[in-house]
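What follows is a set of notes on a single structure, which appears directly below.
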Amino acid sequence: MPEKPYDHSQIELKWRQRWENATLYQAEESSSKPKYYVLEMLPYPSGALHIGHIRNYSIGDALARYKWMRGYNVLHPMGWDAFGLPAENAAIKNQRPPREWTLENVAAMKRTYQRFAFSYDWEREVSTCEPEYYRWNQWFFLKMLERGLAYRKKALVNWCSECATVLANEQVVDGCCWRHETTPVEQRALEQWFLKITDYADELLRDLAMLEGGWPERVLTMQRNWIGRSEGTETAFTLDTGAPLRVFTTRVDTIYGATCVILAPEHPLTAALVDAEGQARAKAMVDARASQGPGDVEKEGFFTGHYAVNPYNRESVPVWVGNFVLMGYGTGAIMAVPAHDQRDFEFCSKYGIPIRPVIRPVEGELPSAPTEAFLDDGIVENSGEWSGLSSSHARQRMTAKAEAEGFGKDAVTFRIKDWGISRQRYWGTPIPVIHCPACGVVPVPENELPVRLPLDVKITGTGRSPLADVPEFVNARCPACGCAARRETDTMDTFVDSSWYFYRYCDSRNHQGPFDPGKIGYWFPIDQYIGGVEHAILHLIYSRFFTKVMRDIGLITNSEPTRRLFTQGMVIRNGRKMSKNLGNVVAAEEVADKYGADTGRLFALFAAPPEKDVDWIDAGVDGIYRFLGRVYRFVTRSLEQIPGPPGAGAADRRILRKLHQTIHKITDDFETRWHFNTCIASLMELVNDLHAHEGKLSGPVLRTTLENLTLLLGPFAPYLAEEMWEELGRTGPVCRQPWPVYDPDLAKEDEIEIPVQVNGKLRGRVTAPVDALPDDIERRALGDDKIKQFIVGKQIVKVITVPGKLVNIVVK
RNA sequence: GCCCGGGUGGCGAAAUCGGCAGACGCAAAGGACUUAAAAUCCUUUGGUGGGCAACCACCGUGUGGGUUCAAGUCCCACCCCGGGCACCA
């Protein structure tokens, strides 16, 4: 039978048509099989998939197909993070309604997903911009409002003038907007809605321990730092006005070294203590901080003219205002201990404030004229009754005293702040409350949800929410008293949408609630979540928070959404992450046109191990295309050999050995480290061996080898595998065939070559049976002619024999 | 500054537990087929030196030390690249 050329377009078109209406990838609702929930992060529908997306989804898809073949009931869904700013920007630019633009993009991207044969259960598709979805955002918001987890306050917020909206702290990168990297974030005072993630700060931190082993250590560390728990003491100095001035410190053991107290410029006491000139200076500090990027900023401050009394030693110290003291952390005021805190040291040195050491090293002297702060714990000195105690001991005793005498207490502070979710934008979930002149803020009753986003809205991109200019939307009746009232016009941060979408997949058509808790009980937690490391703190903290709130509401029983997380590396091109914004994308469709989807998928996985960043260069894609063609032609021209008689030649044994070694390698990788680049390399080796033994293989061995090769290829190149399966006369989708079974006996070599070193240098090789005993191997090594040249006339000190690995002869 | 990654041929990479460095692929060179080209197939390909030759010797995993019979892999110090955090009291 002549070989057939590899026509990727024809093969992929044929199977795409056959799979179109199939239920191939649908998860079973009730099944005796073990469940497996594999999830890739849902994309923003920007219009086109690029090769960076393909890499992400090829990893998840290979895993999903492997798990099906291993007999799991697999849930592998996909959806759209469909709200967000680009739709509004596109609307301004092209005069297109955001919804139309978004739906078109979704349709185009869905076609690309299907073209690449990603195995999603599209019956469960979720799009966050649909009222059926966002009504549950609103519902969760009302639940949080009931529980005091959603609240409103006037706050200094991060404002991006480019987005014309507020940003969460997590969305500020290097002092600039995360989407507009050159636009500095300004501070503005606005009434904002917040979700009280700080109520869960302790639990979010503690439960990271549950994720240990299943999540990358790097992500756990980033979350720990972000939550930023620190234990210390809150204690009150007494101002000369008689008012208390509370400070937070982790080093109360150094308080006898406090030589001044410093307020944040926006601290309420600052305005109360200083004159108009001082207030102007403080305001200038706040503004300067907002426009400053990261990096070392010169410490500045001024004396308020007031003093405060240290509660421990009754000493009166000056009260300063300092630009480096943060209002948002601790109490917004610090005691400055220049001898034992480097920042305080810099500040006090600059302004001539005394530096008084009170901690000495356990083995050493109290420094007399320090040139930098001594930061370590040590022995407390010059501190009255506490002198002589160790730092940690002193902290406990001194805090206990504060508590007993009522001027202080144990305190824990967090770096994480409440999550500001108000956005002055149109294309997002309306916040379901009504502002009534009589009743104040009134929640929209549950049975009136969803509060629908009006669709015919003029988007201008100026300052306030476009919804404020839609009278039919704004004008409402107060649900409580019925009088005329104004609807909230802010919409929610889109990170709310993505905080719970993976629950909705389990029951995406439910109209009674966000989902049926029983279905969550079956599918959760997610067995494997796959996405970019750029979401390590934003999405991955918010969604953990939502899970805990949902649990406390009684909707679910799990405390964490995700058992295992895999963060794949970025695809870099021209030195930047591949992104439509940066205009450096390689379009998935172009690769599929030229080489086919299978080649695109395989190449994305072959370039590097999946956790590593890859610099995208097109060179190399030809090699993958050649490989797939080589496999296909080999199979088609081998078909007439397959009915041939059995045999037991050396070629048969060698191919079966290689086959089982390959099965072992790939299975092991799926179960452990996912180095699909080497999996593909091992398939290439197997195919190279097949070519080397072409014409020498018996029919049955040829058949079993080609069939298993097809199954091993299935998770990576689904189209070609399906076509080969059919050519081989088999039926049924490849992704539902049992995974090949590794036979260690067949994989075993019978004779191996063992390198022989003399004094650590490779000098020759001997062959020995694979299970030869060390004595036997050593005898062969010492008897080898080549080796003899290196040891003759010398004294053999010792011989190290590692069976199956090497022999090292040490001579003198 | 602190905390993670990483540095291996011309290039992407491999070496999973301290045991033959460079699997697999790209690119390149040579050859077969072809009127010719493409495609395909075969061969060579870390560096230096030597040999007609199958080969042989020496060097080689960012740099310098160390441990070990044996180091890309472990330890110490340093350099460079990428990422995260960065006045968090």
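- The stretch residues 799-812 of chain A touches RNA chain B through A:I800, A:V802, A:K805, A:L806, A:N808, A:V810, each having a heavy atom within less than 4.0 Å of the strand.
- Between the OH atom of A:Y625 and the P atom of B:C26 there is a distance of 15 Å, given to the nearest Å.
- Classification of A:R395 and A:D377 as a salt-bridged pair holds, one side-chain N sitting under 4.0 Å from a carboxylate O.
- At a non-hydrogen distance threshold of 4.0 Å, A:F248, A:T249, A:T250 from residues 248-262 of chain A come into contact with RNA chain B.
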Which nucleotides of nucleotides 54-62 of chain B have their base under 4.0 Å from a protein heavy atom (B), which only their sugar-phosphate (S), and which neither (-), written as one string 5' to 3'? --SSSS---

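- Under the 4.0 Å criterion applied to side-chain N and carboxylate O atoms, A:R224 and A:E217 are assigned as salt-bridge partners.
- Here the C1' atom of nucleotide B:C87 and the CZ atom of A:F324 are 8 Å apart, to the nearest Å.
- At a cut-off of 3.5 Å, with distance as the only test, no side-chain donor of A:Y351 or A:E346 sits close to an acceptor on the other residue.
- Within the nucleic acid shown, A:V533 has no heavy atom closer than 4.0 Å to any nucleic acid atom.
- Between the C1' atom of B:C3 and the CG atom of A:L220 lies a distance of 14 Å, rounded to the nearest Å.
- As a whole-Å value, the separation of A:L628 CG from B:A39 P is 17 Å.
- Between the P atom of B:C3 and the CD1 atom of A:I537 lies a distance of 19 Å, rounded to the nearest Å.
- Judged as a ring pair (Phe, Tyr, Trp, His ring centres under 6.0 Å), and not counting sequence neighbours, A:H675 has no contacts.
- To the nearest 0.5 Å, atom CG of residue A:L659 and atom CZ of residue A:R657 are 12.0 Å apart.
- Pairs passing the salt bridge (Lys or Arg N to Asp or Glu O under 4.0 Å) check and including a residue from residues 757-778 of chain A, sequence neighbours excluded, read A:E753-A:R765, A:D776-A:R779, A:D776-A:R780.
- Applying the 3.5 Å distance criterion, the base of B:C20 shares a donor-acceptor pair with the side chain of A:R765.
- Remark: A:K409 NZ is loosely packed, at most 12 non-hydrogen atoms of other residues, nucleotides or ligands lying under 6.0 Å away.
- A donor-acceptor pair is defined here as one N or O able to donate and one able to accept, closer than 3.5 Å; no such pair exists between the side chain of A:T198 and the backbone of A:F414.
- Nearest-nucleotide positions on RNA chain B place A:I680 closer to the 5' end than the other of A:I680 and A:G760.
- A syn orientation is assigned to B:C17, its glycosidic angle lying within 90° of 0.
- Pairing analysis of RNA chain B (Watson-Crick: purine N1 to pyrimidine N3 plus N6-O4 or O6-N4; G-U wobble: N1-O2 and O6-N3; both under 3.5 Å) yields stems of 3 or more pairs at B:1-7 with B:79-85, B:10-12 with B:24-26, B:28-32 with B:40-44, B:46-50 with B:55-59, B:62-66 with B:74-78.
- Cation-pi check for A:K299 over A:F324 is met; the charged atom lies under 6.0 angstrom from the ring centroid and within 45 degrees of its normal.
- By the 4.0 Å N-to-carboxylate-O rule, A:R251 lies too far from A:D341 to be salt-bridged with it.
- Contact annotation: A:S230 side-chain N/O to B:A89 OP1/OP2 distance is under 4.0 Å.
- Side-chain atoms of A:T667 come within 3.5 Å of backbone atoms of A:I663 as a donor-acceptor pair (strictly under, hydrogens ignored).
- Within the structure, a side-chain polar atom (N or O) of A:R630 is placed less than 4.0 Å from OP1 or OP2 of B:C41.
- The A:R218 side chain lies nearest to B:C4 when the options are B:C41, B:C3, B:C4.
- Among residue pairs with one or both ends in residues 682-697 of chain A, those qualifying as salt bridge (Lys or Arg N to Asp or Glu O under 4.0 Å) are A:R637-A:E694, A:K658-A:E685; sequence neighbours excluded.
- In this structure, A:R626 has no side chain to side chain donor-acceptor pair (under 3.5 Å) partners at least two apart in sequence or on a different chain.
- Identified under the salt bridge (Lys or Arg N to Asp or Glu O under 4.0 Å) test for residues 320-332 of chain A, with sequence neighbours left out: none.
- If you take CG of A:D668 and P of B:U16, they are 12 Å apart, rounded to a whole angstrom.
- For the pair A:R626 and B:A27, the criterion of a side-chain N or O lying under 4.0 Å from OP1 or OP2 is met.
- Base orientation of B:G9: syn, the glycosidic angle falling within 90° of 0.
- If you measure from atom NE2 of A:H691 to atom C1' of B:C41, you get 9 Å, rounded to the nearest angstrom.
- One finds a side-chain N or O of A:R673 lying less than 4.0 angstrom from the OP1 or OP2 phosphate oxygen of B:A15.
- Looking only at distances, a side-chain donor or acceptor of A:H340 sits under 3.5 Å from a matching main-chain atom of A:V358.
- Here the P atom of nucleotide B:G19 and the CD atom of A:Q757 are 11 Å apart, to the nearest Å.
- Note on A:N688: only backbone sugar-phosphate atoms sit closer than 4.0 angstrom, heavy atoms only; bases stay farther off.
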Could you run down nucleotides 6-13 of chain B 5' to 3' and tag each one B, S or - for protein heavy-atom contact under 4.0 Å? -----SBS

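- Checked against ring pair (Phe, Tyr, Trp, His ring centres under 6.0 Å), A:F248 has no partners two or more places apart in sequence or in another chain.
- Salt-bridge check for A:R281 with A:E300: failed, with every basic side-chain N at 4.0 Å or more from each acidic carboxylate O.
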Which side-chain N or O atoms in residues 327-335 of chain A pair as donor and acceptor under 3.5 Å with protein atoms at least two apart or in another chain?
unit_1	atom_1	unit_2	atom_2	d
A:Y329	OH	A:S230	OG	2.6
A:Y329	OH	A:T413	OG1	3.0
A:T331	OG1	A:R246	O	2.8
A:T331	OG1	A:A333	N	3.4
A:T331	OG1	A:A333	O	3.2

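- Each of B:C87, B:C85, B:U40 was ranked by its minimum atom distance to the side chain of A:W226; first place goes to B:C85.
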